[in-house]
Amino acid sequence: MTIETTDLEFAYEGEPVLRGVDFRAAGGEVTMLLGRNGAGKSTLLKHLNGLVEPDDGAVYVDDERVTYDDASLRDLRTKVGYVFQNPDDQLVAPTVEQDVAFGPENVGVDAARRTREALETVGLSGFDDRLCATLSGGEKKRVSLAGVLAMDPDYLLFDEPTLGLDGDGCSTISAVIDALRREGITIVVATHDLGFALAVGDVLTVLEDGEIGYRDATISRERAAEFGLRTFAFDGY
Amino acid sequence: MHRTLESVQVASRPAIDGPLKVYVSLLALVLVVASPNEATRLGALASFSALALDAAGRHYLRLLGPPVAFLVPSLVVILAVTGGGEVVVRVWLLEVTAEAVETAATTGLRSLAALSVMAFLVLSTPVPELFAALRRLRVPAFVVDLSLFVYRGIQILLAETDRLRTAAAARLGYVDRRTQVRTTKLVAGSLLVGSLERAERVDEAMRARCYDGRMPTVERTNEGYAPAAVVLGVLAATVVL
């Protein structure tokens with residue numbers, strides 16, 4: 001089970017964002033995607049979920065090339081879940097239950113059971129009837145994660161999952177990622193939080209100017225600084 | 001207001017719930033309007049007021065306030081201008097006839113009965129649930145989807161307004177009347193762009209979860225067959241008797 005891109009090229013309004021990216025996330029691994037602001041992390045994640053079509057190159061999921069017709073996109077998005085950076089952009093329904101059930105309803109599976117299980121996984125059982133607008137930032141983040149988990153994906157893409165979360169929120173996200181890894185789900189996390197990346201990730205991939213600049217299980221302080229990553233993780237913060 | 005009403009709807013625990021609640025309310029509304037007997041309207045007013053009070057408590061009375069405020073002057077006008085029949089009250093130049101009293105009473109009762117039915121429905125039914133019931137009633141899918149989409153659009157617009165107003169207030173944007181006008185102008189300008197951008201991001205999020213143009217709706221299970229049967233039975237009996 002792998003998700004990969006070969007020679008991926010993408011430009012936004014004539015400005016190159018991805019320049020021949022060969023990205024690979026292997027089955028059951030947690031791949032941390034690091035890089036400066038504007039390095040192309042979110043754009044790469046959107047390619048992996050089919051939200052953006054490459055100008056050139058290809059995306060492969062389970063060795064099958066992604067095509068962009070409706071049926072293939074539906075298959076792709078059922079397999080590859082995407083948790084957005086800002087939960088306010090992701091929550092589409094008034095109540096927690098309706099929002100978490102949104103994906104399963106779209107693909108026609110047992111929405112009630114999936115919703116219940118997903119809310120349990122993120123520790124929000126009993127929140128079904130709560131209005132999304134009245135939740136705290138951390139709770140919204142967990143609801144948006146539950147909305148993706150309810151689709152039972154094989155691959156999970158997180159865009160800045162720890163952004164704006166307190167210690168408890170980060171621990172919940174780490175625990176969920178750990179549990180999903182044990183279930184064999186392949187996870188890609190775009191983050192600026194190097195401490196989180198080192199603690200949770202199996203592989204660190206750094207995007208630099210739209211290209212893969214680094215890929216290894218760990219990274220030194222000097223290399224991290226070279227890539228413009230926050231190095232608090234090495235300084236004992 | 002949208003959040004307040006939505007909170008009430010979500011928190012309400014009506015005795016009749018699910019799509020059944022929508023069908024019972026719609027049927028009752030038809031009976032209230034079509035029945036030749038005032039007893040039907042009295043029955044509807046009593047039963048749906050009880051149901052609404054049970055489901056939403058004091059919010060029922062708050063919701064009734066504005067329409068009743070419009071209803072009362074309308075009834076006064078009816079009393080003043082409707083002629084015919086014996087004069088029952090004479091105040092200076094104003095004569096209120098028996099026919100005027102009857103028309104005002106019928107109109108008032110009919111309005112209050114219909115209001116109580118609608119209030120019960122509005123206070124206990126979140127919009128997506130209402131459309132789920134309409135979908136089951138074979139209302140064309142494009143009407144339901146479009147309505148849900150418009151509803152979502154309104155929510156985005158209100159959320160964006162709220163965000164912009166808070167951001168402006170935090171930097172003294174409403175400190176005096178002149179600033180208030182300037183800020184409102186700025187907020188209005190940003191609102192359209194901001195809402196469109198936000199709507200685009202929400203659309204992206206929906207597509208990421210397999211949205212294909214058809215808005216899914218979570219349907220609640222039907223509850224309260226017994227009270228529904230009692231209410232409809234009483235109303236139907238008042239029509240026939």
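Reckoned from all heavy atoms, side chains included, excluding hydrogens, waters and symmetry mates. First the proteins, then the strands, lettered A, B, ... as listed; each starts at 1.
- For the atom pair CG of A/N106 and CG of B/D212, the computed distance is 6.0 Å after rounding to the nearest 0.5 Å.
- Atoms CD and CD, on A/Q90 and B/E204 in that order, are 11.0 Å from each other to the nearest 0.5 Å.
- Chain B forms the most heavy-atom pairs under 4.5 Å with one residue out of A/N49, A/L157, A/L73, and that residue is A/N49.
- B/R152 contributes a side-chain N or O that, together with a main-chain N or O of A/V92, makes up a donor-acceptor pair within less than 3.5 Å.
- At a threshold of 4.0 Å, the pair A/D99-B/R209 counts as salt-bridged, since one of the basic side-chain nitrogens sits closer than that to a carboxylate oxygen.
- Enclosure of atom CD in A/E64 is not indicated, since only 12 or fewer non-hydrogen atoms of other residues, nucleotides or ligands lie within 6.0 angstrom.
- Environment of CZ in B/R182: sparse, with no more than 12 heavy atoms of neighbouring residues, nucleotides or ligands closer than 6.0 Å.
- Taking CG of A/D70 as the start and SG of B/C210 as the end, the distance is 11.0 Å to the nearest 0.5 Å.
- Both the backbone and the side chain of A/D88 have a heavy atom closer than 4.5 Å to some heavy atom of chain B.
- Heavy atoms closer than 4.5 Å to chain B are found in both the backbone and the side chain of A/T78.
- For A/A111, no part lies near chain B; criterion is any non-hydrogen pair under 4.5 Å.
- By number of non-hydrogen pairs under 4.5 angstrom with chain B, the leading residue of A/A112, A/P153, A/A150, A/G147 is A/G147.
- Between the side chain of B/R198 and the main chain of A/D89, no donor-acceptor pair closer than 3.5 Å is present.
- Annotation: the span from B/S12 atom OG to A/D129 atom CG amounts to 9.0 Å, rounded to 0.5 Å.
- Taking non-hydrogen atoms and a 4.5 Å limit, the residue list of residues 115-128 of chain A in contact with chain B is empty.
- Heavy-atom contacts from other residues, nucleotides or ligands closer than 6.0 Å to OH of A/Y12 number 12 or fewer.
- For A/F102, the parts lying near chain B are the backbone and the side chain together; criterion is any non-hydrogen pair under 4.5 Å.
- Within the model, atoms CZ of A/R74 and CZ of B/R207 stand 15.5 Å from one another, a figure rounded to the nearest 0.5 Å.
- Atom OG in B/S7 sits 10.5 Å away from atom CZ in A/R130 (nearest 0.5 Å).
- Here the shortest heavy-atom pairing between B/A208 and A/F84 reads CB-CE1, 3.9 Å.
- Other residues, nucleotides and ligands contribute only 12 or fewer heavy atoms inside 6.0 Å of the CG atom of A/D63.
- Each of A/V107, A/L91, A/T95 has some count of heavy-atom pairs under 4.5 Å with chain B, and the biggest count is that of A/L91.
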